[in-house]
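What follows is a single structure, written as structure tokens, with notes after it.
Computation of the quantities below employed the complete heavy-atom set of this structure, encompassing side-chain atoms and omitting hydrogens, waters and symmetry-equivalent molecules.
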Amino acid sequence: MRHRIECAVLACAFASAIAAAGTTPPPADFAIDWNHTRQTMEGFGASDAFLDNALTDAQADLYFSTTNGIGLSFLRMGIANGGGLNGGAWSDATKAAARGAKVWAAPWTAPGAWKDNNSTINGGHLCAAAAQGLCTASHYDDWATRLAGFAASLKQNSGVDLYGISVQNEPDYTAATYDSMLVSDNEFVNFVNVLGPKLAALSPRPKLVVGDYSNWAGVWTLAANIEANPAALSRIDAYAAHQYWGVQVYQPRPRPLWQTEMSDFLAFDPSLANAVTVAKWIHSGITSGNVTAWHYWWLYNPYNEDNEGLVGHQADRAAMTKRLYALGNYSKFVRPGWTRIDVGGGSSANLFASAYRNASTGDFAIVVVNDSGNDLLFSASLTGIETASVMPWITSTAFNLQAQLPIAVSADQLSASVAYGVTTFVGRNDRLFGDGFE
């Protein structure tokens, strides 16, 4: 009763504010349907590639703990061309795994001597045969052996099993100032058929990820080529793209799609406005791109000059940002194995809602991004969900992913004021256990 009274007071206060302003909030008539499922989520993550300081326990808690942090479920590591780590520290994997995260890795280039441009930078292709550029022989087997060997190195140095491995980071992008390597669609197919059997011989077998494109458009032609080769298709587990050039509407494929890197390069901005931008990236990647995993670029920024990291400078990783907590509005609650459920309707141009369920426990989460700059009314009908209340967790001007008082749900209708920022409503579907509904 106390919570219902408090919620009523909050609702009245919101209504009074609207009346005083002489305006009516835009309608937000969303419809959330427990029965209409979308993709199954695998998690959220970020990378320590190229970073030079090992994570402390407190920092690992901040990133990977679901109780003391934002609960990232993936650490993306870098593989050096010699087969070791490309930045980061083995202990980062140990600490991430101890907090429930999975560890996967990506290479930026093969050794220069194994490429047709004889360089680790400026693109170039892995040698498939002698007389390909500066190649004197094929190095497909050499590079596949080295990549597969990373799993043993990770296990030996961190005690952690490798969850997945990417064939190549940004195979569509030539970089003159850092490691890069180009991979065509046909080269992907051919190399997957060399690397795949080596991974299959490992226990546990790491997932094989292909793509990691800087531009989303490359995924679809690669997918067509992979799927035209039954052996290659049988050996891969996910496609991957980065979000720097935006999201393309999902094309149904026989493998899930991961978004594996995103940030911007503007001047360092820890503000709520930046956090809302990041939250809208996530929303777009999940709802339009249909990704099952979403990654920010760096855990922290080693330069503190732009927004490539979730937080600021390596010398002052306590330089918190609102975007860290906005990502946490998803990663803390939408856990691996949860399924996105349908959110329809919604006529406000400033509210972006997505919803997720855990069918085995009845838990659910509704994430609402408000980019209006003001409080707005969010209302949604709940189909197939019976619950007395939901708990809002808010990232706003005043709060950093903090729980608020429960909000009552009446007649399968949720109505609440949502602050400028990101709000996650967390609840439990009592109907799942009350009458055998699933």
Side-chain angles (χ1 to χ4, degrees), residues 47 49 76-83 86 104-135 137-150 164-199 206-229 231-245 248 253 255 257-261:
S47 180
R76 179 184 182 229
M77 306 191 84
I79 304 175
N81 62 68
N86 185 4
W104 70 283
W108 266 247
T109 184
W114 294 359
K115 296 169 61 182
D116 60 7
N117 67 346
N118 197 36
S119 174
T120 58
I121 63 173
N122 288 317
H125 295 255
L126 182 66
C127 293
Q132 174 190 328
L134 300 175
C135 298
S138 171
H139 288 288
Y140 272 42
D141 190 75
D142 297 326
W143 186 228
T145 298
R146 186 164 291 181
L147 289 180
F150 183 81
I165 190 166
S166 169
V167 170
Q168 174 62 36
N169 174 74
E170 296 190 346
D172 57 338
Y173 186 76
T174 297
T177 58
Y178 61 86
D179 290 349
S180 63
M181 187 169 77
L182 300 174
V183 185
S184 71
D185 289 349
N186 287 336
E187 288 170 334
F188 262 118
V189 171
N190 294 335
F191 187 72
V192 160
N193 283 328
V194 177
L195 176 60
K198 296 180 186 295
L199 298 180
K207 291 180 179 292
L208 181 53
V209 180
V210 294
D212 260 330
Y213 286 109
S214 66
N215 191 325
W216 207 286
V219 172
W220 313 126
T221 57
L222 172 61
N225 280 270
I226 289 283
E227 290 155 23
N229 187 296
L233 180 60
S234 71
R235 289 167 173 145
I236 73 157
D237 298 277
Y239 297 113
H242 298 172
Q243 203 168 330
Y244 295 112
W245 301 98
Q248 292 202 348
R253 315 305 312 188
R255 297 291 182 270
L257 176 61
W258 291 7
Q259 192 292 115
T260 52
E261 186 179 310

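- Using a 4.5 Å cut-off on side-chain heavy atoms (C-beta onward), Tyr213 and Gln168 make no contact.
- A donor-acceptor contact under 3.5 angstrom links the side chains of Thr221 and Asp185, judged on distance only.
- At least one side-chain heavy atom of Glu261 sits under 4.5 Å from a side-chain heavy atom of Glu170.
- In this structure, the side chains of Trp108 and Ser180 stay at 4.5 Å or more apart for every pair of heavy atoms.
- Inter-residue side-chain proximity for Ser214 and Trp245 is flagged as met; some heavy-atom pair is nearer than 4.5 Å.
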* Are Ile79 and Asn86 close enough, and set up right, to give a side chain to side chain contact (heavy atoms under 4.5 Å, CB included), and what steps lead you there? -> CA-CA 5 Å; Ile79 304 175; Asn86 185 4; 5.8 Å; no
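- One finds the CG atom of Asp179 at 4.5 Å from the OG1 atom of Thr120 (value rounded to the nearest 0.5 Å).
- In this structure the side chain of Asp237 never reaches within 4.5 angstrom of the side chain of Trp258, judged on heavy atoms.
- Across Thr260 and Arg76, no two heavy atoms sit closer than the pair O-NH1, 3.5 Å.
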* Hey, mind stepping through Trp216 and Gln259 against side chain to side chain contact (heavy atoms under 4.5 Å, CB included) and telling me if it holds? -> CA-CA 9 Å; Trp216 207 286; Gln259 192 292 115; 3.9 Å; yes
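- Annotation for Leu126 and Ala110: closest pair CD1-CB, 3.8 Å, computed over non-hydrogen atoms.
- Counting only distance, with no hydrogens or angles, the side chain of Asn215 and the backbone of Gly218 share no donor-acceptor pair below 3.5 Å.
- If you take NZ on Lys198 and CZ on Arg235, they are separated by 11.5 Å, rounding to the nearest 0.5 Å.
- Here the straight-line distance linking atom CD1 of Ile121 with atom CE of Met181 works out to 14.5 Å at 0.5 Å rounding.
- For the atom pair Ser234 OG and Asn193 CG, the distance stands at 7.5 Å (nearest 0.5 Å).
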* Stepwise, does the side chain to side chain contact (heavy atoms under 4.5 Å, CB included) test hold for Asp116 with Leu134? -> CA-CA 5 Å; Asp116 60 7; Leu134 300 175; 5.7 Å; no
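- Scanning all heavy atoms of the two residues, the minimum distance from Phe150 to Ala105 falls at CE2-CB, 3.6 Å.
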* Kindly indicate, with the supporting measurements, whether the criterion side chain to side chain contact (heavy atoms under 4.5 Å, CB included) is fulfilled by Val209 and Ile165. => CA-CA 6 Å; Val209 180; Ile165 190 166; over 6 Å; no
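- Ring geometry for Trp114 against Trp143 counts as perpendicular: the plane angle is over 60°, on a 0 to 90° scale with 30° as the lower cut.
- Closest approach of Gly211 and Pro171 over heavy atoms only: O-CD, 3.0 Å.
- Remark: the backbone N or O of Ala106 is not paired with any side-chain donor or acceptor of Ser166 at under 3.5 angstrom.
- Between Ala49 and Ser47, the shortest heavy-atom contact is N-OG, 3.0 Å.
- In this structure, the separation between CG on Leu199 and CD1 on Ile236 is 12.5 Å, given to the nearest 0.5 Å.
- The main-chain N or O of Leu233 is found under 3.5 Å from a side-chain atom of Arg255 such that the two form a donor-acceptor pair.
- Val167 places a side-chain heavy atom less than 4.5 Å from the side chain of Phe188.
- The closest side-chain donor-acceptor pair between His125 and Glu187 falls under 3.5 angstrom.
- When all heavy atoms are compared, the tightest approach of Lys115 to Cys127 is C-SG, 3.5 Å.
- Separation of atoms CG (Leu222) and OG (Ser184) is listed at 9.5 Å; rounding is to 0.5 Å.
- Side chains of Val219 and Leu257 form a contact here, defined as non-hydrogen atoms less than 4.5 Å apart.
- Within a 6.0 Å sphere centred on OH of Tyr173, other residues, nucleotides and ligands contribute 12 heavy atoms or fewer.
- Using a 4.5 Å heavy-atom cutoff, the side chains of Asp172 and Leu182 are not in contact.
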